[in-house]
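Structure record follows, encoded as structure tokens.
For clarity, every value in this text was computed on a predicted model and none was experimentally measured. Throughout, protein chains are lettered first and strands after them, A, B, ... in sequence-line order, and every chain is numbered starting at 1.
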Amino acid sequence: MQNFARLFRSSLGKKYVMAVSGLILLLFVIGHLVGNLQIFAHPDVINAYAHFLQNLGPGLWAVRLILLITLVAHVWAAVELTLENKRARPETYRQDDTIQASYASRTMRISGFIVLAFLIFHLAHYTLQVVDTEYQEMYTTLADGTEVHDVHAMMVKGFQSVWISLFYLVGVGLLSWHLRHGFASMFQSIGLRNATIAQTLEKTAIGFAIIYFLGNALIPIAVLAGWVS
Amino acid sequence: MDLKLRVWRQKNRDAEGRLVEYDAKDIDPEMSFLEMLDVINERLVAAGDDPIAFDHDCREGICGACSATINGIPHGPQRATTVCQLHMRHFKDGDVLTIEPFRAKAFPVVRDLVVDRSAFDRIIEAGGFVSVRTGSAPEANTLPVPKQDADWAMDAASCIGCGACVAACKNASAMLFVAAKAGHLNTLPQGKPEKDRRVLSMVAAMDEAGFGNCTNQYECSAVCPKSISEDFIAQLNRDYLKASLKKCLMG
Ligand code: HEM
Ligand code: FES
């Protein structure tokens, strides 16, 4: 136990927490996007999928708990590491320069914290449905006769607001920006990066960030453009 | 060539430092950067002023003593070059050069551009020993070292411990230095027996000294006068993880 505590207090231990929690969150957001893209199919598809998730019972709560712990761990490590890093250079350079560190890598704290704010809004908006309480009354019937929450209509109604759509675009934009660095960074943190794969990893990170952003952006854009209704 | 210098002047550890401007007139482009500072110092002394204190020893890029940050880049604009090996021909007439010490909490300024890098010595001490037989030299072929490992260890061993990695890192992290020193010994059969103990105590000494944490931006490798690869950092991350888990699970 003492050895575990020592590991998580060490600089590298916190980096492992950062990387592993980042990976879990990354896998979650990929799965989440794939699920959401079902909005482009018949409304019954995403409504049945949402109904399935909402009825997982203890399973749903287990996943939510794991995600919450993961997020808390990620933010805890981010705060700890950032404070230590600030303390490590009390007197800064009067003239500073950067040779090759990407802009995304230098703004991880900012992108991370805005993503956190977005995430809280997103949960209040679509999970708790307290931003617009009318969502709570939206029901529909599937082809097999089951009465389900009309998630499809809720998403369409949500994104018909230009302001909400814009906020989502900024939120997923910054998350993609965060992952532009995070995607490759986590491999280095757990020791799985080397010169042979560095280039490929970097290109994959950029490619992933772009595809992930476009995939997410497509949903509010499609609603605003009237392709989905 | 004529330059304008803005040099960090600080009397001692506790004094407030500040940038002071100097005109550097008639500088020979064939001078090294430190020779240029020598010339400026001669002029300062002749005028009755205090010379600019800076570290140097070999002046041939192998000892790791010289250290200065020029326009925000440790060892200056020339890649894979220590500041003692940097020549004035890489600058242009009329350039303004801001010259600051390597900055990190773990490297307190002693005077002007001179910083105390003994935190590195404490990390090396924490690394401890290697189990080599002393006395008569062993027969070379009794301990085969694969060529790849020998090359890799040699790359790490080229670290001169100058601290530019710390100075360049956005977080003043010493990971490249520690990774090179640990990776050098961990890669060779002579250093394998103490590998776990070595990585655990070197990282503990690094944390103790107040260096920052690596954020995988690789500014360290970019400024390293010996171009040491960030792959050593990945190796240290891996080795520390293995050593910690072994310790956690098996005591
Ligand atoms: C769903 C949301 C998020 C995902 C998918 C995510 C993903 C990642 C990944 C994969 C990494 C790389 C880990 C590493 O460097 O080893 C990372 C790093 C980081 N994240 Fe997040 N993150 C998310 C949210 C956040 C939040 C809310 C914050 C801020 C509170 C944050 C702050 C950071 C910081 C500071 C780093 C370290 C950057 C560095 O080492 O340069 N992240 N994140
Ligand atoms: S003085 Fe020895 S490396 Fe520069």
Side-chain angles (χ1 to χ4, degrees), chain A residues 1-16 18-20 77-78 80-106 108-109 181-198 201-202, chain B residues 6 8 17-19 69-73 77 79 96-98 100-101 103-106 109 166-175 199-200 203-204 206-207 210-219 221-223 229-231 233-242 244-245 247-249 251:
Chain A
M1 245 4 257
Q2 207 186 341
N3 289 331
F4 268 109
R6 190 171 306 137
L7 171 60
F8 291 121
R9 269 203 310 273
S10 74
S11 55
L12 269 62
K14 284 175 223 155
K15 285 297 297 185
Y16 301 144
M18 201 83 234
V20 174
E80 284 275 304
L81 291 168
T82 303
L83 293 178
E84 286 171 14
N85 292 345
K86 290 275 168 284
R87 279 199 292 272
R89 180 168 291 133
E91 181 103 61
T92 54
Y93 288 105
R94 295 304 181 273
Q95 184 173 343
D96 210 351
D97 201 359
T98 295
I99 300 175
Q100 48 90 48
S102 70
Y103 202 55
S105 76
R106 289 185 281 141
M108 289 298 273
R109 286 141 203 93
H181 174 69
F183 189 99
S185 181
M186 63 191 180
F187 284 86
Q188 173 79 357
S189 296
I190 49 173
L192 294 179
R193 179 186 180 274
N194 60 44
T196 320
I197 63 162
L201 205 54
E202 190 67 8
Chain B
R6 298 165 69 221
W8 187 260
R18 66 195 177 93
L19 287 173
T69 304
I70 305 168
N71 290 345
I73 303 203
R79 298 281 69 77
V96 180
L97 306 182
T98 305
E100 297 178 72
R103 294 202 188 277
K105 176 166 169 266
V109 172
V166 174
C169 175
K170 300 290 173 203
N171 318 310
S173 162
M175 279 296 275
V199 288
L200 291 173
V203 169
M206 170 180 86
D207 290 352
F211 291 105
N213 308 290
C214 179
T215 43
N216 307 334
Q217 294 169 297
Y218 319 131
E219 289 287 295
S221 302
V223 298
S229 163
E230 66 264 22
D231 287 9
I233 299 183
Q235 184 182 356
L236 180 64
N237 285 337
R238 204 160 59 230
D239 289 343
Y240 187 82
L241 183 58
K242 277 190 236 159
S244 303
L245 289 181
K247 197 165 172 186
C248 288
L249 302 175

Exercise: do B:D207 and A:S10 side chains pair donor with acceptor under 3.5 Å: no
Atom pair CZ (B:R103) and CZ (A:R89), whose distance is rounded to the nearest 0.5 Å: 9.0 Å
Toward chain B, the part of A:R87 with a non-hydrogen atom under 4.5 Å: backbone
Distance (rounded to the nearest 0.5 Å) between A:R193 CZ and B:E230 CD: 4.5 Å
Top contributor to chain A contacts, counting heavy-atom pairs under 4.5 Å, from B:D239, B:N237, B:I73: B:N237
Rounded distance (nearest 0.5 Å) linking atom CZ of A:R94 with atom OG1 of B:T98: 11.0 Å
Interface residue of largest heavy-atom contact number with chain A, from B:C214, B:S229, B:A204, B:A168, under 4.5 Å: B:C214
Choice from B:Q235, B:K247, B:E219 maximising heavy atom contacts with chain A below 4.5 Å: B:E219
Rounded distance [0.5 Å steps], CD1 in B:I70 versus CG in A:D97: 12.0 Å
Interface residue of largest heavy-atom contact number with chain A, from B:G212, B:S173, B:C248, under 4.5 Å: B:C248
Contact leader toward chain B among A:I190, A:D96, A:T98, where contacts are heavy-atom pairs under 4.5 Å: A:T98
Residue part contacting chain B, namely of A:Y16, when any heavy atom lies under 4.5 Å: side chain
Non-hydrogen side-chain atoms of B:V203 and A:S11 separated by less than 4.5 Å: yes
Residues that A:T196 engages under side-chain hydrogen bond (donor to acceptor under 3.5 Å, both in side chains), provided they are two or more places apart: A:N194
Under 4.5 Å from any heavy atom of chain A - which part of B:A167: both
Non-hydrogen side-chain atoms of B:K170 and A:N85 separated by less than 4.5 Å: no
Partners meeting ring pair (Phe, Tyr, Trp, His ring centres under 6.0 Å) with A:F183 (sequence neighbours left out): A:F208
Atom group of B:Y218 that falls short of 4.5 Å from chain A, counting heavy atoms: both
Nearest atoms (heavy-atom pairs only) where B:G210 meets A:A88: O-CB, 3.6 Å
Any side-chain heavy-atom pair of A:M18 and B:T215 under 4.5 Å: no
B:M175 side chain reached by A:L12 side chain, heavy atoms, under 4.5 Å: yes
Which portion of B:P101 sits near chain A, non-hydrogen atoms under 4.5 angstrom: backbone
Structural part of B:V109 lying under 4.5 Å from a heavy atom of chain A: neither
Heavy-atom side-chain proximity of A:K15 to B:Y240 below 4.5 angstrom: no
Proximal component of B:E100, with respect to chain A [non-hydrogen, under 4.5 Å]: side chain
A:Q100 side chain to B:Q217 backbone, donor-acceptor under 3.5 Å: yes
Heavy-atom contact with chain A under 4.5 Å, split by part of B:T69: side chain
Any A:Q95 side-chain heavy atom under 4.5 Å of B:L19 side chain: no
Neighbour count >12 (heavy atoms, 6.0 Å) for atom CZ, B:R18: no
Rounded distance [0.5 Å steps], OG1 in A:T82 versus CG in B:N171: 8.5 Å
Euclidean distance, A:Y93 OH relative to B:N71 CG, rounded to 0.5 Å: 12.5 Å
A:S105-B:N216 side chain donor-acceptor pair, cut-off 3.5 Å: no
